[in-house]
Amino acid sequence: MASYLEIADDSKGHELDLFCVPKHYEEDLDSVIIPNGLIKDRAERLARDIVRDMGGHHIVALCVLKGGYKFFADLMDYIKTLNQNSDESVPLTVDFIRLKSYSNDESTNCVKVIGGDELSALAGKDIVETGKTMETLLKLLNECRPKMVKVVSLLVKRTPRSSGYRPDYIGFEVPDKFLVGYALDYNEYFRDLSHICILSEKAKEKYKV
Ligand code: IMP
Ligand code: MG
């Protein structure tokens, strides 16, 4: 079982005023739930666990866009740093795929897949809620018969809507709230926010499509 940092359901997060948040989002957020520095510290450790488990095998790292791009970039940087500074190293290539399943704050049943030509190995993702998106992607990846597929997700949401799917590596387990920032969006907004924050109910109305 993957270990993870658990953020409790009653966690109120940190006051916005304690961190730097873009002016245009100040009114839209309840609190900072995972500061950028903590995300990076956790990504650093996940990189170490992944390199250890890969045992020198070539990694094809697949970034699941758009929400996974920040986490993917940081995770790859930490893997690169490990490769540069130790006697053993793993060759690394990257690929990108775009998935879309969300409208407003609800997961839809339809998962759209766009792009990605060499589908195999390590998939890096932003958040798993019901697990539907990842189950769809895994079906697709397995059609390419890769030697091994491992999934790393920065976040897993504790929700009764879960299908039971769990990624191989998990950064944080989070409460059943709508989170934005660090590339996670609400209708494309809030990707330009460094910290992971709790979206306010008012903002869900304001940015509704
Ligand atoms: P699943 O298919 O229900 O597991 O949903 C996963 C996808 O839904 C993620 O890749 C996100 O795009 C989106 N999603 C789920 N929860 C959140 C959230 O709290 N904030 C932002 N996006 C989310
Ligand atoms: Mg999204």
Side-chain angles (χ1 to χ4, degrees), residues 2 4-9 11-13 21 25 28-36 39 43 61-75 96-116 122-141 149-209:
Y4 49 82
L5 198 159
E6 183 175 328
I7 314 257
D9 282 336
S11 164
K12 296 221 164 26
V21 167
Y25 291 144
D28 305 325
L29 307 165
D30 282 345
S31 65
V32 172
I33 190 156
I34 316 176
N36 186 269
I39 303 171
L62 181 67
C63 174
V64 184
L65 295 170
K66 297 179 186 173
Y69 93 89
K70 284 294 295 169
F71 177 52
F72 184 82
D74 283 338
L75 190 67
F96 300 86
I97 192 170
R98 185 163 165 212
L99 300 182
K100 192 166 167 53
S101 69
Y102 240 72
S103 175
N104 294 322
D105 61 349
E106 269 183 55
S107 190
T108 63
N109 280 319
C110 162
V111 180
K112 283 193 207 125
V113 182
I114 308 155
L122 179 79
K125 201 167 181 328
D126 57 347
I127 182 165
V128 170
E129 185 181 14
T130 64
K132 273 182 291 201
T133 306
M134 256 334 292
E135 283 172 344
T136 305
L137 177 58
L138 279 172
K139 240 183 256 157
L140 207 94
L141 290 178
V149 180
K150 295 281 181 198
V151 177
V152 44
S153 184
L154 175 63
L155 310 173
V156 169
K157 215 182 263 190
R158 271 189 308 279
T159 165
R161 297 182 300 286
S162 167
S163 68
Y165 168 76
R166 299 290 282 189
D168 301 284
Y169 301 92
I170 300 169
F172 302 85
E173 199 188 69
V174 293
D176 195 1
K177 296 190 172 128
F178 202 84
L179 306 180
V180 292
Y182 193 71
L184 276 86
D185 73 308
Y186 180 76
N187 294 335
E188 299 300 327
Y189 290 94
F190 304 100
R191 296 197 202 272
D192 56 332
L193 170 67
S194 301
H195 314 291
I196 295 180
C197 298
I198 301 178
L199 187 67
S200 73
E201 287 304 317
K202 229 171 64 196
K204 286 185 189 173
E205 277 307 310
K206 179 171 160 192
Y207 295 97
K208 210 174 195 110
V209 288

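For ligands, and for the atoms within them, numbers begin at 1 and follow the listed sequence.
Taking any N or O of L179, backbone or side chain, at least one lies under 3.5 Å from an N or O belonging to ligand 1. For a threshold of 3.5 Å applied to N or O pairs, the pair formed by L184 and ligand 1 contains no separation below that value.
Salt-bridge check for D9 with R158: passed, with a basic side-chain N closer than 4.0 Å to an acidic carboxylate O. Using a 4.0 Å cut-off between charged side-chain N and carboxylate O, E188 and R191 make a salt bridge.
When the side-chain contact (heavy atoms from CB on, under 4.5 Å) test is applied to S163, the partners found at least two apart in sequence or on another chain are E135, Y165. With sequence neighbours left out, D192 forms a salt bridge (Lys or Arg N to Asp or Glu O under 4.0 Å) with no residue at all.
Counting heavy atoms closer than 4.0 Å to ligand 1, residue M134 contributes nothing at all.
Looking only at distances, a side-chain donor or acceptor of Y186 sits under 3.5 Å from a matching main-chain atom of K204.
Residue contact annotation: D185 has a non-hydrogen atom under 4.0 Å from ligand 1. Taking 4.0 Å as the cut-off, K177 counts as a neighbour of ligand 1 on heavy-atom distance. Residue contacts with ligand 1: G131 is included, with a non-hydrogen atom under 4.0 Å away. Ligand 1 has at least one atom lying under 4.0 Å from a heavy atom of V128.
Against a heavy-atom cut-off of under 4.0 Å, K157 is close to the following atoms of ligand 1: 16 (N), 17 (C), 18 (C), 19 (O).
Between the side chains of D28 and Y207, at least one donor N or O sits under 3.5 Å from an acceptor N or O.
The minimum distance between the Mg ion (ligand 2) and any N, O or S atom of D185 involves atom OD1.
For K206, the NZ atom sits in a packed shell: over 12 heavy atoms of surrounding residues, nucleotides or ligands are nearer than 6.0 Å.
Counting backbone and side-chain atoms alike, D126 contributes no N/O/S atom closer than 2.8 Å to the Mg ion (ligand 2).
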